[in-house]
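The sequence lines fix the lettering, A, B, ..., with proteins before strands; numbering per chain opens at 1. The structure presented is a predicted model; accordingly, all values stated were derived computationally and were not measured.
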There are 2 protein chains.
Amino acid sequence: MPLDSEQIEKQILRFQDELFDRGLRLTKQREQVFRIVLGAEGHLSAEDLHRQVREQNRSIGFATVYRTLRVLVDCGLIEVRQFGDGVQRYESAAGDHHDHMICVACGEVFEFEDDEIERLQIKAAESRGFEIVSHRLDIYIRRCDSPKCGPLSKRRLNHR
Amino acid sequence: MPLDSEQIEKQILRFQDELFDRGLRLTKQREQVFRIVLGAEGHLSAEDLHRQVREQNRSIGFATVYRTLRVLVDCGLIEVRQFGDGVQRYESAAGDHHDHMICVACGEVFEFEDDEIERLQIKAAESRGFEIVSHRLDIYIRRCDSPKCGPLSKRRLNHR
DNA sequence: TTACATGCAAACTCTTTGCATATTA
DNA sequence: TAATATGCAAAGAGTTTGCATGTAA
């Protein structure tokens, strides 16, 4: 779920501030990379990012994309995900927190939110005296109803 | 939490069966690798595995370790984890399911179980018509009480 | 004796780094 | 002009693959 344009501008300003605090600069390339992440539907790999930024900036290199992603992670503006294919994927840290359901048949990733699960996680950590920094919940599902998987059949799934 | 020796032997037999079904063989190397995983306390990388197996079998190569791990994953006997450092870690799929708390300060990994969180996950997937294959819940905590981190201070943590 | 398995080294993928050049405050 | 950024290519990690040799049913 991409952010609306007002939120995007707010994020860019925030990036500029965070960079300034670190003695760094908001360059054209950094802004381009961040805007793609902010506007993206899903979870982009560095390769996805590089390809998309190159549509507006032929000469940008992989190194700049990776370096920018690292700065964005350090600033807490984006988050890294790994869904098990060995590739890091990035998404905006803005917006509501959500978890992921990944279809093992077709690779489609769905976002979902569950406040009660969130609550229980905090409780589980607190009961051990720990403070949560962040968390990741990935649920792998057998198949889904995306075009790639086709509609789920009418017969009941093998629920347990 | 390593398995007891009775469970370990059961797992080895299961491996043999699964291999047989696939027209493969239980070799010395495959058994050695699997036994290390079954007996291990925590979550081992391929490098950890290779180092430990080499203590009993000087000549085993990385390729054999990786190939064995792949077969074990295919057989559903072990699971792969990625805690964000770009290294795959493996653990036995036997025993109760558990989730992980990872200390961002020192890297220590704690296992925990929470039946209610499990239940809610199943509910969340079912409500969308999906069947869960597996899931991963990793909670990142600011610091812990391991020797590397030192004891948690007495002042209240910043619980929310 | 035929198919599968191993060990080695080379290849491959993703990511990071070194360095000369370019850009910004 | 002094510091930060960039692009390129090379290096690095972790993992996979090709191939000749070894091993097991």
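In terms of the salt bridge (charged side-chain N to carboxylate O under 4.0 Å, His left out) criterion, residue partners of B:Arg22 (sequence neighbours excluded) are, by chain and number, B:Glu18. Evaluation of the salt bridge (charged side-chain N to carboxylate O under 4.0 Å, His left out) rule for A:Arg142 yields B:Glu131 as partners, not counting sequence neighbours. Listed by chain and residue number, B:Asp48 satisfy the salt bridge (charged side-chain N to carboxylate O under 4.0 Å, His left out) test with B:Arg51 (two or more places apart in sequence, or in another chain). Taking the side chain to side chain contact (heavy atoms under 4.5 Å, CB included) definition, one finds that A:Ala94 meets it with A:Leu3, A:Gln11, A:Ser92, sequence neighbours left out. Applying the side chain to side chain contact (heavy atoms under 4.5 Å, CB included) rule to A:Phe62 yields the partners A:Glu47, A:His50, A:Tyr66; only residues at least two apart in sequence or on another chain are considered.
Going from atom CG of B:Leu69 over to atom P of C:dT6 covers 12 Å, rounded to whole Å. A:His50 places its NE2 atom 16 Å from the P atom of C:dT13, with the value rounded to the nearest Å. Distance CG (A:Asn57) to C1' (C:dT23): 14 Å, rounded to an integer number of Å. As rounded to whole Å, 17 Å separates atom P of C:dT24 from atom CZ of A:Phe20. In this structure, NZ of A:Lys28 is placed 9 Å from P of C:dT24, rounded to the nearest angstrom. B:Arg30 has its CZ atom 4 Å from the P atom of C:dA5, to the nearest Å. Remark: P of C:dT6 and CD of B:Gln32 are 10 Å apart, rounded to the nearest angstrom. Atom CD in A:Glu31 sits about 15 Å away from atom C1' in D:dA5, given to the nearest Å.
For residues 28-38 of chain A, the pairs satisfying side-chain hydrogen bond (donor to acceptor under 3.5 Å, both in side chains) are A:Glu9-A:Arg35, A:Glu31-A:Arg35, A:Gln32-A:Asn57, with sequence neighbours left out. Evaluation of the side-chain hydrogen bond (donor to acceptor under 3.5 Å, both in side chains) test over residues 73-84 of chain A, restricted to residues two or more places apart or in two chains, returns A:Glu79-A:Arg81, A:Arg81-A:Glu91. Contacts classified as ring pair (Phe, Tyr, Trp, His ring centres under 6.0 Å) and involving residues 76-95 of chain B (residues at least two apart or in different chains) are given here: B:His43-B:Phe83, B:Phe83-B:His100.
If you check the side chains of B:His98 and B:Glu113, you find no donor sitting under 3.5 Å from an acceptor.
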Please enumerate all protein N or O atoms sitting under 3.5 Å from an N or O of nucleotides 20-22 of chain C, with distances to 0.1 Å.
none

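Annotation: the span from B:Phe15 atom CZ to B:Thr68 atom OG1 amounts to 6.5 Å, rounded to 0.5 Å.
Not one side-chain nitrogen or oxygen of A:Gln29 sits closer than 4.0 Å to the OP1 or OP2 atom of C:dT23.
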Nucleotide-resolved protein contact map, nucleotides 13-25 of chain D, B/S/- at heavy-atom distance under 4.0 Å:
-SBBBB-----B-
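Shown for residues 71-80 of chain B: no residue has heavy atoms falling under 4.0 angstrom of DNA chain C.
Through side-chain heavy atoms spaced under 4.5 Å, either directly or across other Ile, Leu, Val, Met, Phe, Trp or Tyr residues, B:Leu13 is tied to no other residue.
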